[in-house]
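One structure is given below, encoded as structure tokens.
By convention here, the first residue in the shown sequence is residue 1.
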Amino acid sequence: MGATNNIWTAMEANHAKQSHNGNSTFDDHSILHSNLSVDTALPFPLMVPRVIALCKDLFRKWAKLNDSCFSVDTVSGGITNLLLKVSVKEENGEYVSVTVRLYGPNTEYVINRERELQAIKYLSAAGFGAKLLGVFGNGMVQSFINARTLTPADMRKPKLVSEIAKQLRRFHQVEIPGSKEPQLWVDIFKFFEKASTLQFEDTDKQRTYELISFKEVHKEVKELKELTTLLNSPVVFAHNDLLSGNLMHNDEQEKLYLIDFEYGSYNYRGFDVGNHFNEYAGYDCDYSLYPSKDEQYHFFRHYLEPEKPCEVSEKDLEALYVETNTFMLASHLYWALWALIQARMSPIDFDYLGYFFLRYNEYKKQKRMCFSLAKSHISGSGKA
């Protein structure tokens with residue numbers, strides 16, 4: 001595939017609708033639509049009036065309000081999203097807030113927006129994330145969650161670990177209509193096809209890119225896929241990107257929120273948990289912070305038996321430990337290949353090529369131990 005072809009056929013967000021057994025994924029009467037878009041490349045002061053105009057277009061009761069009734073603040077700015085909090089003083093004098101999520105440029109190369117929009121309605125109904133209020137040309141508007149975003153260090157705190165595990169188990173039990181085919185290897189091979197045929201205008205980037213042996217990478221992907229198949233990991237609807245930035249906590253109410261489901265899909269349980277554990281490394285990618293066996297077992301107990309964590313058997317703990325730490329390797333390959341596509345497509349000033357080597361090298365560093373662990377478990381010749 002050429003560098004300018006999409007991995008998936010992108011659909012305009014305001015036309016996103018898919019039928020399953022004759023039922024529409026979205027009720028057009030409850031989800032508002034606007035044809036407007038907001039250019040994320042604009043300086044923030046120039047972006048603000050466009051965000052206000054968008055909100056007025058979506059929410060008719062705000063259409064005649066003066067712009068001074070609106071305030072727009074940045075909540076967070078990630079690689080694939082820009083989150084904005086819009087606070088509005090309504091005609092009755094009361095204040096309400098919504099979250100405007102702007103998609104990053106060219107993110108359709110690595111994110112299936114149609115799949116994301118399909119899932120949000122069902123996840124919202126199950127109590128996950130913010131309620132979807134409206135969609136527009138390059139983003140969506142959701143209800144505002146009054147909570148703080150977790151830090152990587154927060155994810156290690158035993159009390160929060162147990163709550164994250166319980167919530168993730170409940171998340172994995174949500175039924176989303178449509179195909180239940182796990183997407184991990186489908187996506188990885190699509191990423192590989194795209195990532196292995198790139199051309200960079202920057203000569204230094206091109207030289208660095210040419211250092212990659214895609215024959216070796218393809219061999220590693222196939223080998224790991226074959227090994228994980230033997231583990232029979234349950235297929236669940238997975239978050240697939242459960243880093244600290246996608247976890248929020250209201251400290252007063254002691255309520256945890258899982259947010260941002262743009263990478264969500266049916267997938268292997270082990271991948272979702274192993275990917276989450278990789279995120280303990282934080283934004284500095286310090287993989288020495290990967291959770292110990294004891295820390296993982298604490299998570300597993302609350303995931304497997306939320307009401308009776310102490311009653312989880314050693315056999316079940318060991319099996320999930322092996323499953324998770326084998327699929328943890330797949331997480332490194334997934335995000336390594338993702339980074340190569342971003343290196344070519346994203347306008348964001350970030351060393352994506354360096355990130356590829358960081359993740360791929362960590363994969364190679366952990367491979368021997370994890371493969372040995374899995375093979376020993378499968379053969380029944382040893383303990384984890």
Side-chain angles (χ1 to χ4, degrees), residues 13-14 16 26-27 30-40 42 44-63 65 67 69-90 94-105 107 111 113 115-151 154 167 171 239 241-253 255-264:
N14 59 322
F26 289 104
D27 177 358
S30 60
I31 306 300
L32 303 173
H33 298 80
S34 172
N35 290 318
L36 297 181
S37 296
V38 178
D39 185 355
T40 55
L42 290 172
F44 186 71
L46 295 181
M47 194 185 299
V48 168
R50 288 164 173 78
V51 172
I52 293 173
L54 167 69
C55 290
K56 287 183 176 182
D57 189 54
L58 275 171
F59 304 100
R60 297 301 181 187
K61 64 178 180 177
W62 296 346
L65 292 178
D67 283 8
C69 296
F70 296 78
S71 65
V72 182
D73 299 290
T74 301
V75 176
S76 66
I79 290 173
T80 55
N81 277 315
L82 175 62
L83 287 182
L84 304 174
K85 177 185 178 182
V86 179
S87 299
V88 186
K89 183 179 181 181
E90 297 187 315
E94 293 185 1
Y95 286 87
V96 296
S97 297
V98 296
T99 300
V100 175
R101 180 148 71 98
L102 300 173
Y103 304 147
T107 52
I111 296 172
R113 295 296 183 188
R115 187 168 72 192
E116 176 191 14
L117 286 166
Q118 173 192 338
I120 282 178
K121 178 181 178 182
Y122 297 95
L123 292 168
S124 178
F128 290 102
K131 182 180 179 182
L132 179 63
L133 303 177
V135 293
F136 55 96
N138 63 329
M140 64 178 68
V141 180
Q142 296 171 285
S143 60
F144 181 76
I145 296 176
N146 185 25
R148 67 177 181 88
T149 303
L150 295 192
T151 65
D154 285 327
Q167 289 277 2
F171 189 95
H239 187 287
D241 191 26
L242 202 58
L243 73 165
S244 61
N246 287 336
L247 291 161
M248 300 183 75
H249 192 260
N250 184 305
D251 295 332
E252 291 183 4
Q253 299 176 1
K255 185 171 183 180
L256 181 76
Y257 298 89
L258 277 62
I259 64 169
D260 285 6
F261 314 126
E262 58 191 359
Y263 289 97

Is it the case that the side chain of [X] and the backbone of [Y] share a donor-acceptor pair, with hydrogens and angles ignored and the cut-off at 3.5 Å?
| X | Y | value |
| --- | --- | --- |
| Asp154 | Ser244 | no |
| Asn250 | Glu252 | yes |
| Lys89 | Phe70 | no |
| Asn138 | Asp39 | no |
| Thr107 | Gly104 | yes |
| Ser34 | Phe136 | no |

Taking all non-hydrogen atoms of both residues into account, name the closest pair between [X] and [Y] and its distance.
| X | Y | answer |
| --- | --- | --- |
| Tyr257 | Lys255 | OH-CD, 3.3 Å |
| Lys131 | Ser124 | CA-OG, 3.6 Å |
| Asp57 | Asn35 | OD2-N, 4.4 Å |
| Phe44 | Leu84 | CE1-CD2, 3.8 Å |
| Arg148 | Asp251 | NE-OD2, 2.8 Å |
| Leu46 | Leu42 | O-CD1, 4.1 Å |

Query raised in the report: To the nearest 0.5 Å, how far apart are CG in Asn81 and CD1 in Ile111?
Result: 6.5 Å
Report task. Measure the CG-CG distance between Leu58 and Leu36 for me, rounded to the nearest 0.5 Å. Result -> 7.5 Å
Quick one: are [X] and [Y] in side-chain contact, heavy atoms under 4.5 Å?
| X | Y | result |
| --- | --- | --- |
| Asn246 | Leu258 | no |
| Met140 | Thr99 | no |
| Leu243 | Asp241 | yes |
| Leu32 | Phe59 | yes |
| Leu247 | Leu242 | yes |
| Met248 | Leu256 | no |
| Ile259 | Phe128 | no |
| Ile31 | Lys121 | no |

Requested in this report: Would you check, one step at a time, whether the test side chain to side chain contact (heavy atoms under 4.5 Å, CB included) holds for Met47 with Leu82?
Outcome: CA-CA 12 Å; Met47 194 185 299; Leu82 175 62; 3.8 Å; yes
Report task. Begin from the C-alpha positions of Val72 and Lys85 and carry the test side chain to side chain contact (heavy atoms under 4.5 Å, CB included) through to its verdict. Result -> CA-CA 6 Å; Val72 182; Lys85 177 185 178 182; over 6 Å; no
Report task. Please step through side chain to side chain contact (heavy atoms under 4.5 Å, CB included) for the pair Glu116 and Tyr263, ending with a clear verdict. Result -> CA-CA 7 Å; Glu116 176 191 14; Tyr263 289 97; over 6 Å; no
Requested in this report: Determine, stepwise, if the pair Val100 / Cys55 fulfils side chain to side chain contact (heavy atoms under 4.5 Å, CB included).
Outcome: CA-CA 9 Å; Val100 175; Cys55 290; 4.2 Å; yes
Query raised in the report: So does Glu262 pair up with Arg113, basic N to acidic O under 4.0 Å?
Result: yes
Report task. Name the orientation class of the two ring planes belonging to Phe261 and His239 (parallel below 30°, tilted from 30 to 60°, perpendicular beyond 60°). Result -> perpendicular
Query raised in the report: Side chains of Ser97 and Ser87: do they bring a donor and an acceptor to under 3.5 Å?
Result: yes
**Report entry** Exercise: do Arg50 and Ser37 side chains pair donor with acceptor under 3.5 Å
**Finding:** no
